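Working notes for the structure below.
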Amino acid sequence: PTRGSLHPISSLIRQANAIFSEMGFTFAEGPLLETEWYNFDALNVPKDHPARDMQDTFFIKDEPGVVLRTHTSNVQVRYMEEQMKKGMLPPYRVVSMGKVFRNEATDMTHEAEFYQIEGLAVGPDITLAHLRGTLTEFFEKLFGGSVEIRFRPSFFPFVEPGLEVDMRLTGAQAPEKLRDRWIEVMGAGMVHPQVLRNAGLDPKEVQGWAFGGGIDRLAILRWGIDDIRLMHSADLRFINQF
């Protein structure tokens, strides 16, 4: 019989989880159907923020206040709350990966459903230098070769300051199409003090950083896939290449 093969998304999730596990991160999950509190309010997303409008978020018709999660950031507050209830104080290092949903037009680079990876580190002495080192280690192991990371200022309601993260692969082992090119790969930043308060932590005692990015995008870069829609096509000719 013909043997099946892992979908590239599943393969990349397994690899990413293994890499972060080696760095001491715990894997956590959250619900796909989420309350507006955990998806927006607890993450410091104000009521009038554009991301809460109908064109971006799928609201559940018969369940007021419930949405299909728009990011894996909902796991952040849930995880910190759970640890506090268990009496487990920081430091925390957690990574989450899973499906998210956006009410967007579909094209070669956008899908209404896709996968995200989310990382969170909280403790008394957490800095952006730790974030740079963590992402450098992750991308070097995921893509091969040496990696340079740079931060650019940006804005996300749940972090302050907010950053866009760019990556550049160097060295002979790096894929030729990606070698020596700066590529935007994810958003990140220092966790907003209000998010820490919403999870029951004191921002005067601990601080942290978080990052989030599309797993589909990382898979496209890793294997040179030219259309994100192939990821969800269920076409075995595509899947069996991996």
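These numbers come from a predicted model, not from an experiment.
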Asp216 and His232: side chain donor to acceptor below 3.5 Å: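 A donor-acceptor contact under 3.5 Å links the two side chains.
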
Are the side chains of [Y] and [X] in contact, using a 4.5 Å heavy-atom criterion?
| X | Y | result |
| --- | --- | --- |
| Thr72 | Lys99 | no |
| Leu135 | Met186 | yes |
| Leu12 | Ile117 | no |
| Val206 | Tyr92 | no |
| Ile225 | Phe242 | yes |
| Glu36 | Phe59 | yes |

Shortest non-hydrogen separation from Met231 to Ala219 and the atoms involved: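 Of all heavy-atom pairs spanning Met231 and Ala219, the closest is CE-CB, 3.4 Å.
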
Heavy-atom neighbours of Arg181 CZ exceed 12 at 6.0 Å: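 Counting other residues, nucleotides and ligands, CZ of Arg181 stays at 12 neighbours or fewer.
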
Flag if over 12 foreign heavy atoms under 6.0 Å of CD, Glu29: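 Atom CD in Glu29 is not packed in, count stays at 12 or less.
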
Residues Met190, Val159; criterion side-chain contact (heavy atoms from CB on, under 4.5 Å); working and verdict: CA-CA 5 Å; Met190 296 298 291; Val159 289; 5.7 Å; no

Carboxylate-amine/guanidinium proximity below 4.0 Å for [X] and [Y]:
| X | Y | result |
| --- | --- | --- |
| Arg229 | Asp227 | yes |
| Glu34 | Arg69 | no |
| Glu137 | Lys141 | yes |

Positive for side chain to side chain contact (heavy atoms under 4.5 Å, CB included) with Arg152, one of Leu163, Val165, Asp166: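 Going through Leu163, Val165, Asp166 one by one, the side chain to side chain contact (heavy atoms under 4.5 Å, CB included) with Arg152 is satisfied by Asp166 alone.
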
Test log, rule side-chain contact (heavy atoms from CB on, under 4.5 Å), inputs Phe158 and His71: CA-CA 12 Å; Phe158 30 84; His71 44 203; 4.1 Å; yes

Under 3.5 Å: donor-acceptor pair, side chain of Arg102, backbone of Thr70: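 Confirmed, Arg102 side chain pairs with Thr70 backbone.
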
